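One structure is given here, and the rest of the page talks about it.
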Amino acid sequence: MKEDIQKLLFQEIKASNLKGVTRASQIEVFEPKTLEFGDWTSNICMKLAAKSDDNPREIAERLIENLTKEDWITKIEIAGAGFLNFYLSSEQKFNFIEQCLEQKEPLLIQGKVKQRILIEYVSSNPTGPIHIGHGRGAALGSALSNLLSRAGSEVKQEYYVNDQGLQIETLGLSLLLNYLSLDGERIKLPKECYQGDYLKTLASDLKKNEKNKYKFALPEKLPTNFDDWLVLVKKELSDFKELGKFALTKILDGIMTDLKEFNTFHDDFFFESSLFKDSKKSEFHKTLDYLSKKGLSYDKDGAIWYRSTDFGDEKDRVLIRENEAPTYFASDLVYHKNKFDRKFDEMINLWGSDHHGYLPRINASLKGLGYESKKLKTIFIQFVSLIRGKNKVSMSTRSGEFVSLKKLIDEVGVDAVRYFFLERRSDQTLEFDIELAKKKNKDNPVYYIQYANARICSLMKELQERGFNYSHKEGSKALSSLSSAKENELVSQINSYQLTLERCFDKREIHSLCFYLRDLAAIFHSFYNSHPIIDKDDGSRNARIALSLATQAVIKDGLSILGIGAPEKM
RNA sequence: CUCCCGGUAGCUCAGCUGGAUAGAGCAUCUGCCUUCUAAGCAGAGGGUCGCAGGUUCGAAUCCUGCCCGGGAGGCCA
């Protein structure tokens, strides 16, 4: 529709020899904020006026002279400083509603190029359960994936697992110390160790499975710091590595379970360790050799450095440490190379905003390897803070007091958690009010939206009980009798669903969809209260039922993108 | 010190590729259930869009400076 208006305007602009526009798509046509200004509006006359010294309203008059002949346009108004307001015929207005009524499949976003898209998200370290910060990423990543596939794109959802290096040793040691403590040894965990209670549970599991396999004679004087513990443990236990693996497997299992419960479904878990397979011939080593051959890396102070400064980073970065261990950055560089080699049209990373300083070096590494870093889009996710009524709930990962996603879901439910995570722009900090999320009334937007759907379900039941028949054919026929302000408002809100999805798609964001659904629900509730829907008059009844069903189709469709349920009864 | 994000109603936030009177929810106040779910609706009050300049027909939106809040600047991940 928008495109049709752009095309018409463009024709007229060319015919009148006006300068300033070379393509139809440059002409701004948008939905005005109130219905007073028509169904569509354009500011093009003001833009043209700026380049031609002519008065915008005069230009407007010249332009619309021929346009009114179009039969799908009922009226064009010149308003304000020179806006063109278009009013459409009712057939045009009900097009989308009829489509909603017949739709069985999810609605598709039209006019977008099909792409292969990789989206990597959550990717939390497998050293502990997912906490609410990761949950926000999970909600956004999964919803975004749903949205992107609506445009026909093939979306691959990936979780990158850092299953290597010091943190896994740390995990193993943390587990072991908890395990040894089970027999009454009083061991104080060094501060570098993971402190959460989940390790106590894991330690008991380990004990059950393996009995005393990992017990050994402790020296009289226990080590006091992390490094000494590690040295001791490695000396005493030949299979110390198994402990890290055990913990990692168990924890990752838990993460997967939590994610599934949270309606988040990754296609693939990509293990960092896979980059190191085949030792010297691994993807990791090949890539590092390549960098070295190309002169992109160099030795200094016993370490190997990447020349990221050459590609816009502030300073060069270490790839291989003095102790020969690769840095996190080195692995990540190879991982991103791997992503590019898989030939996606677009790659999206969802990162915690505390990683924003990390982006320049990843971009630098990709440029160095000769990849188009434009294909990589990084979306940053700000922190979540929890409040309960007016009190802040304290959260700190280090001390193990973090609030796990699972706990939050158990308390307020998946739907509410997802909604609250998605309703805010991802790059803004989020204040999550637990009490509000638990409410089951209109204060809580997720219930408010779901309630609109439940109401419509209940309407349909009531319709049957009163012995009325309804068919889409009759409903569609009756639509043109809709004329009240509330009805028009609802029609117009339903119609802007497509545009809402397109905008979300283009901007790779979700929160506008939440706001849209909330508005739609509000307009529906208002409509419901001002008109009898199951009316005695066949025409009004059929039309209003059709309108309600179209509303329902959109609500269900929108909620399914958000990964939120639509209960029929509440 | 440098960089990033933010500052919009009492609170939580939309709007930011410049456009018509700056929006929503909560909170406050006032109404509405013999009628399809009151788990709802209708209405009212509430604003120097952080401050100061600039750009232009037009600025919450773009530019510059400043103030305030948060984050980032590892051979951590």
Side-chain angles (χ1 to χ4, degrees), chain A residues 28 30 32-34 36-37 41-43 46-47 49-50 55-56 79-83 85 123-125 127 162 164-167 170 192 272 300-305 314-315 317-332 352-360 380 382-383 385 387 390 420 423-425 427-433 436 439-445 447-448 450-452 454-463 465-466 468 486 506-507 511-512 514-516 518-519 521-522 524-535 541 544-545 548 569-570:
Chain A
E28 269 182 72
F30 50 94
K33 35 180 186 187
T34 87
E36 287 172 64
F37 301 137
T41 191
S42 177
N43 60 5
M46 275 119 83
K47 298 266 186 211
N55 176 319
F83 290 97
N85 296 339
S123 298
S124 68
N125 288 328
T127 51
N162 294 114
Q164 286 221 139
L166 186 65
Q167 63 171 350
T170 308
E192 289 86 349
E272 181 188 1
K300 195 184 102 187
D301 304 332
I304 302 177
W305 298 69
E314 292 176 328
K315 52 189 268 192
R317 309 289 174 175
V318 171
L319 292 165
I320 305 290
R321 284 182 269 249
E322 207 175 345
N323 67 4
E324 296 185 4
T327 57
Y328 173 84
F329 166 61
S331 293
D332 217 23
S353 61
D354 53 335
H355 280 59
H356 86 257
Y358 187 72
L359 186 58
F380 290 104
Q382 276 282 6
F383 302 114
S385 57
I387 53 172
K390 284 193 172 154
F420 278 74
E423 194 197 27
R424 297 276 172 258
R425 291 175 55 117
D427 58 355
Q428 294 260 34
T429 53
L430 168 70
E431 211 163 89
F432 190 110
D433 185 344
L436 177 63
K439 280 193 184 168
K440 301 204 164 158
N441 62 29
K442 75 187 192 78
D443 293 358
N444 182 349
Y447 280 92
Y448 186 70
Q450 289 176 323
Y451 179 52
R455 250 187 172 170
I456 295 165
C457 290
S458 149
L459 270 176
M460 294 311 287
K461 235 176 91 189
E462 182 69 20
L463 184 77
E465 273 168 24
R466 293 196 197 173
F468 288 113
K486 297 281 179 203
D506 290 340
K507 296 170 94 169
H511 72 277
S512 327
C514 296
F515 281 92
Y516 169 86
R518 196 159 37 153
D519 289 343
F524 175 77
H525 288 308
S526 171
F527 157 75
Y528 175 94
N529 272 277
S530 56
H531 297 290
I533 294 172
I534 305 178
D535 200 81
R541 186 182 64 247
R544 286 173 189 158
I545 291 284
S548 303
K569 242 190 189 167
M570 295 177 72

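Naming: A, B, ... by sequence-line order, numbering from 1 per chain. Just so it is clear, the model here is predicted, and its values are computed rather than measured.
Residue contacts for D301(A): at a heavy-atom cut-off of 4.0 Å it reaches a base atom on one of the strands shown.
Between F527(A) and F524(A), the ring planes are tilted. Angles from 30° to 60° get that label. The aromatic rings of F432(A) and F420(A) are tilted relative to each other, their planes meeting at an angle between 30° and 60°.
For the OP1/OP2 pair of G74(B) and a distance below 4.0 Å, the side-chain nitrogens and oxygens of K315(A) include at least one atom meeting the criterion. Residue S353(A) has no polar side-chain atom (N or O) positioned under 4.0 Å from OP1 or OP2 of C4(B). Dashed line: the shortest gap from a side-chain N or O of R321(A) to OP1 or OP2 of A77(B) is under 4.0 Å.
Between F37(A) and A20(B), a base-stacking contact is recorded: ring centres under 5.5 Å apart, planes less than 30° from parallel.
Under the Watson-Crick and G-U wobble criteria, each requiring two contacts below 3.5 Å, nucleotide G6(B) is paired to C68(B). Nucleotide G53(B) has C63(B) as its partner under the Watson-Crick or G-U criteria, with both atom distances under 3.5 Å. Using N1 to N3 plus N6-O4 or O6-N4 for Watson-Crick, or N1-O2 and O6-N3 for G-U wobble, each under 3.5 Å, A44(B) pairs with U28(B). When both distances must be under 3.5 Å, the Watson-Crick or G-U wobble mate of G73(B) is C1(B).
Below the 3.5 angstrom threshold, one finds no donor paired with an acceptor across the side chain of T327(A) and the base of A77(B).
A cation-pi arrangement is found for R455(A) relative to Y528(A), the charged atom lying closer than 6.0 Å to the ring centre and inside a 45° cone about the ring normal.
Nucleotides A14(B) and G53(B) are separated by 28 Å at their C1' atoms, to the nearest Å.
C63(B) shows a glycosidic angle more than 90° from 0 and is accordingly assigned anti.
Between S331(A) and E272(A), the side chains place a donor N or O and an acceptor N or O closer than 3.5 Å (distance only, hydrogens not considered).
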